[in-house]
Protein chains: 2
Amino acid sequence: MTDVSPDLLFKALADPSRRALFERLCMDGEQTVGALTAGAGISQPAVSKHLGLLKQAGLVLDRHEGRQTHYSAQQRALAPLVDWTGRMNRFWEARFDDLEDLLKRMDQ
Amino acid sequence: MTDVSPDLLFKALADPSRRALFERLCMDGEQTVGALTAGAGISQPAVSKHLGLLKQAGLVLDRHEGRQTHYSAQQRALAPLVDWTGRMNRFWEARFDDLEDLLKRMDQ
DNA sequence: GACACTCATAACTATCTGGTTATGAGAAAA
DNA sequence: TTTTCTCATAACCAGATAGTTATGAGTGTC
C-alpha cells in the first residue's frame, strides 16, 4: 500500500517480458499464471519469477485460489512514476520560466 | 526528434547513476561532463558512457564547445513514458467502468 | 612546437540478470 | 491413497552491464 521507490519501478518495467506481463494484466484484468504463461514466449518458471519481481515492486497483487494463483495489476502502483515524470517536467518548465524572465528583463 | 520506444527509455532510466545524471540535468540545466563527473560517485569514463546511453535514448542533447561537451536534458523525451502510464491507467479505468456497468445492471 | 586539459573510446573484469531444466509443495481429482 | 495439476523454488548457465584503468583525439595555452 505504501509507495515504492521509482528505482524498483523503473527496474521492474525495464524488462520487456515483465512489461508485457504487466500490460496484459492492465488490459485484460486478473489472470492465472497458466494463462499468462500461454502467450508469453517464455517458460512458466520464468513467468513466475517475473511476477515475483512485479509483486515486489508493488505493480501486481496475487490471490491464491485452490491450486492456482491469480495475478492482477495494482492501479495506484504507477503513481510514483507519474510523480517523477511530473517533477522532471516541472524542473524543466521552471528553468524555462527563468529564461523567459531573463529575456523580459533584457527587453526592458 | 522522432519519439523513442518506451523500452529504451525504461532501460536508460533503470540505472540509478543514469537517472541521477538526468535528474541533475533537469534540475540544474546544461552542464559539462566535468561538472557532472564531480558529484557523481563514479569515474569520468563511466559518466561519459552513461551520457552516451542517455543520448541514444533521446533523453539528453550534447553540444560541443571547444574542448568540452555540454549536455542538457531534452524536455519532450519523457512524453512516451507519460503516454504509456496514461494508457495503462486508461485500461484499468475501462475495466473499472465495465465493473460499474455490471454492478448497475445487477442492481436493476 | 610542446604541454595541458577535456572528453570519448578501448580493453578488461566482476556482478547482475533473464533464461533454462529439474524438482518440490500444495490442492483437486480419481 | 494415489495420481494429476498448478505454481514456486533451486541450481545452473550464457550474455548483458556497470564499473575500472589506460590511452587516444581534439582543443586551448604557454
Side-chain angles (χ1 to χ4, degrees), chain A residues 4-25 28-74 81, chain B residues 4-25 28-74 81:
Chain A
V4 176
S5 73
D7 191 64
L8 261 178
L9 287 180
F10 275 118
K11 278 203 162 69
L13 294 171
D15 182 71
S17 304
R18 228 147 35 214
R19 205 167 51 251
L21 287 171
F22 179 71
E23 287 173 356
R24 284 183 60 189
L25 289 176
D28 307 331
E30 186 182 79
Q31 291 179 64
T32 68
V33 175
L36 289 169
T37 298
I42 53 181
S43 65
Q44 171 266 314
V47 170
S48 278
K49 257 204 291 189
H50 284 309
L51 290 171
L53 280 183
L54 287 173
K55 179 182 169 188
Q56 201 178 331
L59 286 164
V60 301
L61 295 176
D62 59 347
R63 179 175 68 82
H64 298 277
E65 180 180 328
R67 55 186 169 187
Q68 38 197 3
T69 310
H70 299 255
Y71 281 88
S72 56
Q74 171 124 24
L81 267 197
Chain B
V4 176
S5 72
D7 191 64
L8 261 178
L9 287 182
F10 276 118
K11 278 202 162 71
L13 294 172
D15 181 72
S17 303
R18 226 142 43 210
R19 205 167 51 252
L21 287 171
F22 179 72
E23 288 173 353
R24 283 183 60 189
L25 289 176
D28 306 332
E30 186 182 80
Q31 290 180 64
T32 68
V33 175
L36 288 169
T37 298
I42 54 181
S43 65
Q44 172 266 314
V47 170
S48 276
K49 258 205 291 189
H50 283 310
L51 290 171
L53 281 184
L54 288 173
K55 179 183 169 186
Q56 202 179 330
L59 286 164
V60 301
L61 295 176
D62 59 348
R63 176 176 69 82
H64 298 278
E65 181 181 328
R67 55 187 168 186
Q68 38 197 0
T69 310
H70 298 255
Y71 281 88
S72 56
Q74 170 125 26
L81 267 197

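Protein chains get the first letters and strands the later ones, always in sequence-line order, with residue 1 at the start of each. Since this is a predicted model, take the numbers as computed values, not measurements.
One can place NZ of B:Lys49 at 9 Å from C1' of D:dT20, the figure rounded to the nearest angstrom. Note: NE2 (B:His50) to P (C:dA8) measures 13 Å, nearest angstrom. A straight line from CZ of B:Arg67 to P of C:dC3 spans 16 Å, rounded to a whole angstrom. As a whole-Å value, the separation of B:Leu13 CG from D:dA18 C1' is 16 Å. The distance from atom CG of A:Asp62 to atom P of D:dC7 is 12 Å, rounded to the nearest whole Å. In this entry the distance linking NZ of B:Lys11 with C1' of C:dC16 reads 14 Å, nearest Å. Distance NE2 (B:His70) to P (C:dA8): 11 Å, rounded to an integer number of Å. Rounded to whole Å, atom C1' of C:dC7 lies 15 Å from atom CZ of B:Arg63.
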I would like to know whether B:Leu25 and B:Gln31 meet side-chain contact (heavy atoms from CB on, under 4.5 Å); could you show each step before the answer? CA-CA 7 Å; B:Leu25 289 176; B:Gln31 290 180 64; 4.2 Å; yes

Derivation and outcome, side-chain contact (heavy atoms from CB on, under 4.5 Å), residues A:Val60 and A:Gln74: CA-CA 5 Å; A:Val60 301; A:Gln74 171 124 24; 5.9 Å; no

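Here the CG-CG distance, from A:Leu51 to A:Leu61, works out to 12.0 Å after rounding to the nearest 0.5 Å. Here B:Lys55 contributes atom NZ and B:Ser48 contributes atom OG; the two are 11.0 Å apart, rounded to the nearest 0.5 Å.
Within the 4.0 Å cut-off from OP1 or OP2 of D:dG19, at least one side-chain nitrogen or oxygen of B:Ser17 is found. In terms of phosphate contacts, B:Tyr71 brings a side-chain nitrogen or oxygen within less than 4.0 Å of OP1 or OP2 of C:dA8.
The stretch residues 36-48 of chain B touches DNA chain C through B:Gln44, B:Pro45, B:Ser48, each having a heavy atom within less than 4.0 Å of the strand.
Of the residues near DNA chain C, A:Glu65 and A:Leu53, the one whose nearest nucleotide (by heavy atom distance) lies more toward the 5' end is A:Leu53.
The main-chain N or O of A:Leu13 is never found under 3.5 Å from a side-chain atom of A:Arg18 such that the two would form a donor-acceptor pair.
Partners of A:Ile42 under the side chain to side chain contact (heavy atoms under 4.5 Å, CB included) rule, at least two apart in sequence or in another chain, are A:Ser17, A:Ala40, A:Ala46, A:Val47, A:His50.
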